[in-house]
Amino acid sequence: MSTTALYNDQGGAEPAVEASQESAPAAGAAFGLFSADFKKNEDLKEMLESNKESLKLEAMKRVVGLIAKGKNASELFPAIVKNVASKNIELKKLVYVYLVRYAEEQQDLALLSISTFQRALKDPNQLIRASALRVLSSIRVTIIVPIMMLAIKEAAADLSPYVRKTAAHAIQKLYSLDPEQKEQLIEVIEKLLKDKSTLVAGSVVMAFEEVCPDRIDLIHKNYRKLCNLLVDVEEWGQVVIISMLTRYARTQFTSPWKEGAAVEEDYNKAFYDSDSEEKKDPEGAKPYTMDPDHRLLLRNTKPLLQSRNTAVVMAVAQLYWHLAPKQEVNVVTKSLVRLLRSHREVQYVVLQNIATMSIQRKGMFEPFMKSFYVRSTDTTHIKTLKLEILTNLANEANISTILREFQTYVKSQDKAFAAATIQAIGRCATNIGEVTDTCLNGLVLLLSNRDEGVVAESVVVIRKLLLTQPTQHSEIIKHMATLFDKITVPMARASILWLMGEYCERVPKIAPDVLRKVAKTFTAEEDIVKLQAVNLAAKLYLTNSKQTTLLTQYILNLGKYDQNYDIRDRTRFIRQLIVPSDKSGNLNKYARRILLASKPAPVLQSAFKDRDRFQLGTLSHSLNSKAAGYQELSDWPAVAPDQSVRNVEVIEPVNEWAPLVGKAKPPESDEKFYSDEDRDKKDDSSDSSDDDDDDSSSSSNEESGSSSDEESDKRSTDSGKSSGESESSSGESESERKKKTKKAQAGKRKQSTADSDSDKSDDDPMTEGSGSSSESYSSETDSNSESVPAAVQQRKNDVKSKPKGGDGAKKEVSLLDLDDFLVPPTNTTKSSALSPSLLSDLEGLSLSGVSATTQVTIPTFGPVKCYELLHHMSGKGLSAKYHFPRQPCLYGPGMVAVQVTLSNCCERPLEEIHVRQSSPAALKIHSFNPIERLDPEASVTVSLGVDFNDSTQAANFQLCTKEDGFGVSIQPAVGELLTPCALSETEFCTQQSKLRGMNETSATISTATADSSSQAVAERVLSVANVGSVASSETGLLRFAGRTVSSQVLVLILVDAGAALLTVHSEKSVMASMLLRDLKRALVQA
Amino acid sequence: MVGCYSSAPCHRRLILLTEATTASSFNEKTVKYETENYDKSLLSSKMIHSLFLVNSSGDIFLEKHWKSVVSRSVCDYFFEAQERASEPENVPPVIPTPHHYLINVLRHRIYFVAVIQSEVPPLFVIEFLHRVVDTFQQDYFGVCTEAAIKDNVVVVYELLEEMLDNGFPLATESNILKELIKPPTILRTMVNTITGSTNVGEQLPTGQLSVVPWRRTGVKYTNNEAYFDVVEEIDAIIDKSGSTITAEIQGVIDACVKLTGMPDLTLSFMNPRLLDDVSFHPCVRFKRWEAERILSFIPPDGNFRLLSYHVSSQNLVAIPVYVKHNITFREGSSQGRFDLTLGPKQTMGKAVESVLVSSQLPRGVLNANLNPSQGTYTFDPVTKLLTWDVGKINPQKLPNLKGTMSLQAGASKPDENPTINIQFKIQQMAISGLKVNRLDMYGEKYKPFKGIKYMTKAGKFQVRT
């Protein structure tokens, strides 16, 4: 710690010195190294070069210890960089720590490690890919900029959201290293902004803020998505997104603060009308209506006020302050006051912001006035801030309470705080006319206080107060004159002298006496007192020259020879002014007017008065000066920019797998885009009402009165598009009506369920005390089971439900079904389609003589593994399992068939089970037709087609019942992305020879595995991968061939039992390595 | 033609421009300066640049840089501010320096000083620093002392590396961190030294990617249990005469949930209306609360704070203790009288326990010679802090502390009587009357043990005398 001591001495270092010191500590540390640590480092070097992992690890730990202490360990660089490729993860991580710290200093050596990272960037493990990117981008060496750029671009397209998140972070790092790359980086940002993962959102917005905060146009298309994702984004990301959206909103929406905005009182109502109104007269001249997107932002940020993260709460508070209509800002008050319970530092920042807010909006915090009462345990800056707020809140009604509270503070042992209180009293006195006298009297009482600081502060404040209404206060002035003997604080003495001079005519007898006293002590006084003494002398000379001429002469003479040139200067000036002489000309005629001019009363105002020029919650606001990188919040635009820029064109689900017979496709509408799947997946349970609304939203306007405001939101944004829908809805009107009646029924039913639930809830209270075990989800008696519908009923329901499809794609299918009338739900729409079950029946018959090289063979069945898709508990009774039937998919050549078994585990029938895809879908999914009704204990198997695009990325979609939607995902094993392919042995060998080198990965397997029968090995391989075995002439050599489903790339697997070697050949090297891993695991498990 | 047509106005504009520049050369300079400034700010990155840990004696004992290295001499500005502040807590949390901004947090007598280069919400940094301390304290080392940090410097470094990437928080959820980096235990340290295995997890935490980022998957327990502590704190200021100036109740529900699998819990209250302002752990479904006033959540594994709340101010707060005091200093005399009696009130029959009285006596007091009827008292003549550890209040025989204080000779009488801070605990009672109705578990089949405990504590409870 020698360096610290060194620097402590320079405590008062000038700002400029800082930069020059930058290099100093390194040198200092190096010096220490040579003296004491030199030997130690030698020994570290040895340890690092040893072969033992544990020794190396130990050494690295010590190196990290050195770095942490701020000691220089740069000379170990060559020894350490070698270990970058270590297998030991902890060792590797510590090496990374070291690299990031020293790479900038040792650029040449650092380059040695780059290839390791490049390799790691291709690793199948996302954790390794991510950490490689993190370190690579943290190495601040300009030479590798192109490599970083490439890595970032690749990682931005990675399947793992975690890797994409690190890519977003890397963007900022690269940008700070080389701003030249800005354009390319913006492209990556643009791409990542489209990402729908909540993991990525915060980080990419951060990158956006740093690289191109002015490119607001990039946000348009993502605005609604960001708003909707916000609740699920991790808390730090929320802060960044909220502050970015604040800025965005100020440029895109018009001010909600306009005069006569009474309409806002009932903004929901205004909302519903907005649709039609906008059409009628788009160019204003109508009361303000809020842009629905503006409302969306306000609504989606509000729940975040309940966040446990104080930064998030503050971010939302500032958003409301800057964006919300005046009468809505109040919602943030409670939450801000709650933050005052947090740590001291949090209190400090929050109080600062409340201080600024309370100047403009007293009403917001007045009900919480008592929360700002000072406690003796508060620290001084918290106390002064609270005092500031209390003063801001003071008005005629509460002033007496506040003054009573202030009386306690004045007596505080913390004298700085007591002095601040006196100033606060002064401010209250000037602001509220009725209490001026009370305050003044109180302050005069304080003049007899024992503490000099308090008295001095009172004098200063009294002086200011007297200026505002000087007429009837000569008593006070007299009292203060008597104090002059006692008070020693210069400021207070000066104030008294000034008061005497100013009101010398009102106290004609006393003022000359005070001047006499000060003349005696003149030489010993402080400068400000001397100046005021000269002033007083001059003023008295003008008003009462009879008594004071000599005194004035005396003081002016003393001043003339004073050490301080200010005083000499003043003295000379005053003398010229008041004493008539030839030289001075006409000036002394005006002396009286100059010196005794009536002065304007000072305005006592808050120190936070001007802080509102900064955005709340920012560093600049906290410091009250513009911090580097602060971006001004722009003013509202007078005319709102084009709203339609935020409309997102729906990427049309490609529906080659669902060819339409005859009927033209109805125009696509993005009506459903902002339906619930984007928002708040966790909250699905309470969303049921919204779901209903969504389903019916296409029906008609008459419903809009009853539906929630969220829906209306959607409607107004999509107003232009809804016309396209009339076509489809006309065809549906019949069924629509039926549907409504049915919905009403369902509603009733739901209610009765709820009733029975609430009845039960009371009889089972939670037991007090610890360790009491009790019930868990006891079986509920089903009081409301409806009669099981007959088959006919079922069919009717079928028809009814179909037009309710969640999105466009499904609607088309249903329309088609209407034409065909009554297709069983599991059936597919393809004209030539066979039901999966039929297909499996047929598979023994067809496709027997395999000859063509690439012909698809019959899948060889391994044991079918079943995966859970939706647990019945989280699915509210709906459970779903899926498996891969390994049949060619009916819906399209590039798709993988997935069979989903849906079963109803609750007591009531589930209705309208269907799939809803988030659009634009990440993966193409061909969903099954909605299942109208699933009775308790019943289950049904349906098939899906998913185009995984040859990746193991999970297919995410929502499984919806009538009331709820459950987010589910199908994660395919790599082996399921293959389809078997028949090859002859020779063909196999030719193909294999083409796929050497890069396209080949291999691993050894245990000989025990290899020894087991080839039958068993084949079985295991087939259980992992959907491939076909190739007849082999050699024993102990097993060959399998398959193609990837989507891109039809050949995948060859070779198990050599003799050499205990497992080889996979494919152009898709990532898939190959993943497959190899899976196969190896399966073979080892045997 | 077209060229001609367009060139003329172009010319004119050029001329206009030059005129403008000459006319407002001063303006232009300032503009230029600003743009330069702006560019510089673009180059400097946002968020947390470096972190220094400073102990109470002013030594920097740990430093970590996420970007380029910032010399530790930057802390001089911090030390300056520290010197100016009379007490450790009075150091301003945000300190500007010419090139950086220092945001610091004081916890456990360690200053965590973050170096910032440009505009960032200060609360963001403050909140993060507190989260770091909480992680150290709760999840890893049990305490957050200088010694603990120095002993575990490698783990600390690994943690900081994971928690922040490029100055932006990466993983702060304790369940995820614990999977990435195993907390040190004695057993694991031993095993590690023998086998050379590591503290670092090899798998990506599943939570990071799932919809339930706060919970790890594959949790298994043989005893499935879920315990909830409802803890309420009373903040109050009582004035001289014993009347309440302000009083409010703040509560938290802390949970310790050790349940297998993915349990989905709901917790409902008998009287949810009492809760006025609530803040949730991210696991709580906000909509459900809004609609039904039911807490529905998939809990994190282990200990966490489910909810904190404020009891609506309409309800009158019951103050469970009263203080009779008689503290006087007489002018001219070197003696002061001290007499303090505590008594229970409105406690609904529950005992008031762990009572601790403390008071900052005026500077003029040299010593105190007191006699407690129960418990022990101490007086620190340097800090002038009087503490009296009372223990339990016996309603039959009220605790009393009585005696004299000796004052500095000749010193004038202090103008303010000391404020008395009181701490206490009342078991098995939530002073607001909040009651949990029931706890249900869905999603798993086993029967968990459930328990709930209530407690009332004094928060910032002050009596002015």
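Residue numbering restarts at 1 for every chain, and letters A, B, ... go by the order of the sequence lines.
Within the 4.5 angstrom heavy-atom criterion, only side-chain atoms of A:V240, from C-beta onward, approach chain B. Looking at A:I128, neither its backbone nor its side chain comes within 4.5 Å of chain B, counting heavy atoms on both sides. For A:Q347, the part lying near chain B is the side chain, with the backbone staying farther off; criterion is any non-hydrogen pair under 4.5 Å. Both the backbone and the side chain of A:T408 come within contact range of chain B, judged by heavy atoms closer than 4.5 Å. Residue contact with chain A, scored on non-hydrogen atoms closer than 4.5 Å, involves the backbone and the side chain of B:F124 alike. In this structure, no portion of A:E58 lies under 4.5 Å from any heavy atom of chain B. If you measure heavy-atom distances from A:V350 to chain B, the contacts under 4.5 Å come from the side chain alone. For A:V346, the parts lying near chain B are the backbone and the side chain together; criterion is any non-hydrogen pair under 4.5 Å. Looking at A:S335, the atoms closer than 4.5 Å to chain B (heavy atoms on both sides) sit in the backbone and in the side chain alike. Only the side chain of A:R344 comes within contact range of chain B, with at least one heavy atom under 4.5 Å from a heavy atom of that chain. Of the atoms belonging to B:V54, not a single heavy atom falls under 4.5 Å from chain A. Neither the backbone nor the side chain of B:F52 comes within less than 4.5 Å of any heavy atom of chain A. With a threshold of 4.5 angstrom between heavy atoms, B:D239 does not approach chain A through any atom at all. Using a 4.5 Å cut-off between heavy atoms, B:F280 contacts chain A through both its backbone and its side chain.
Listed options B:H130, B:E161, B:K460 were ranked by heavy-atom pairs under 4.5 angstrom with chain A; first place goes to B:H130. Most heavy-atom pairs under 4.5 Å with chain A, from the set B:I103, B:V94, B:V105, B:L129: that is B:V105. Interface summary for chain B: among A:T618, A:L94, A:I382, the most heavy-atom pairs under 4.5 angstrom belong to A:T618. Your options are A:K52, A:R101, A:H343, and the one with the most heavy-atom pairs under 4.5 Å with chain B is A:H343. Of the listed residues A:L339, A:V64, A:L305, the one with more heavy-atom pairs under 4.5 angstrom with chain B than any other is A:V64. Interface check for chain A: of the options B:I126, B:N90, B:V154, the most heavy-atom pairs under 4.5 Å are formed by B:N90. Chain A forms the most heavy-atom pairs under 4.5 Å with one residue out of B:R107, B:Q250, B:R363, B:K64, and that residue is B:Q250. Of the listed residues (A:N309, A:L55, A:V97), the one with the most heavy-atom contacts under 4.5 Å to chain B is A:N309. Across A:K173, A:E405, A:E234, the residue that shares the most heavy-atom pairs under 4.5 angstrom with chain B is A:K173. When A:E235, A:E104, A:R404, A:M60 are compared by the number of non-hydrogen pairs under 4.5 Å with chain B, A:E235 comes out ahead. The greatest number of non-hydrogen atom pairs below 4.5 Å with chain A, out of B:E173, B:E63, B:E225, is found for B:E63. The choice from B:L53, B:I245, B:V125, B:D264 that makes the most heavy-atom pairs within less than 4.5 Å of chain A is B:I245.
The minimum heavy-atom distance between B:E248 and A:S371, with the atom names listed, is OE1-OG, 3.9 Å. The minimum heavy-atom distance linking A:G65 with B:V153 is given by the pair CA-CG1, 3.9 Å. Scanning both residues, B:P122 and A:G617, for their nearest heavy atoms gives CD-O, 3.2 Å.
Between the B:Y101 side chain and the A:A628 main chain, a donor and an acceptor come within less than 3.5 Å of each other. Side-chain atoms of A:E345 never come within 3.5 Å of backbone atoms of B:P93 as a donor-acceptor pair (strictly under, hydrogens ignored). Side chain of A:R338 to backbone of B:V278: a donor-acceptor contact under 3.5 angstrom is found. Side-chain atoms of A:K370 never come within 3.5 Å of backbone atoms of B:A247 as a donor-acceptor pair (strictly under, hydrogens ignored).
For the atom pair CD (B:E89) and CG (A:D378), the distance works out to 11.0 Å, reported to the nearest 0.5 Å. Rounded to the nearest 0.5 angstrom, A:S176 OG and B:Q117 CD are separated by 9.5 Å. Interatomic distance, CD of B:E290 versus CD of A:Q306, reported as 7.0 Å (0.5 Å rounding). Between atom OG1 of residue A:T166 and atom CG of residue B:L170 there is a gap of 8.0 Å, rounded to the nearest 0.5 Å. Atoms OG and CG, on A:S137 and B:D165 in that order, are 6.5 Å from each other to the nearest 0.5 Å. Residue B:E87 holds its CD atom at 6.5 Å from OG1 of A:T380, rounded to the nearest 0.5 Å.
Side-chain contact check for B:Q360 and A:S376: no donor-acceptor pair (N or O, by modelled atom type) lies under 3.5 Å. In this structure, a donor-acceptor pair under 3.5 Å is present between the side chains of B:E119 and A:S620.
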Chi angles and distances behind the side chain to side chain contact (heavy atoms under 4.5 Å, CB included) call for B:M47, A:M206:
CA-CA 10 Å; B:M47 300 299 162; A:M206 189 67 230; 3.4 Å; yes

Does the pair B:E162 and A:R134 meet the rule for a salt bridge (Lys or Arg N to Asp or Glu O under 4.0 Å), with working shown?
CA-CA 11 Å; B:E162 289 300 335; A:R134 270 178 68 187; 3.5 Å; yes

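B:E233 places a side-chain heavy atom less than 4.5 Å from the side chain of A:R341.
Remark: aromatic rings of A:W236 and B:F168 are distant, center separation not under 6.0 Å.
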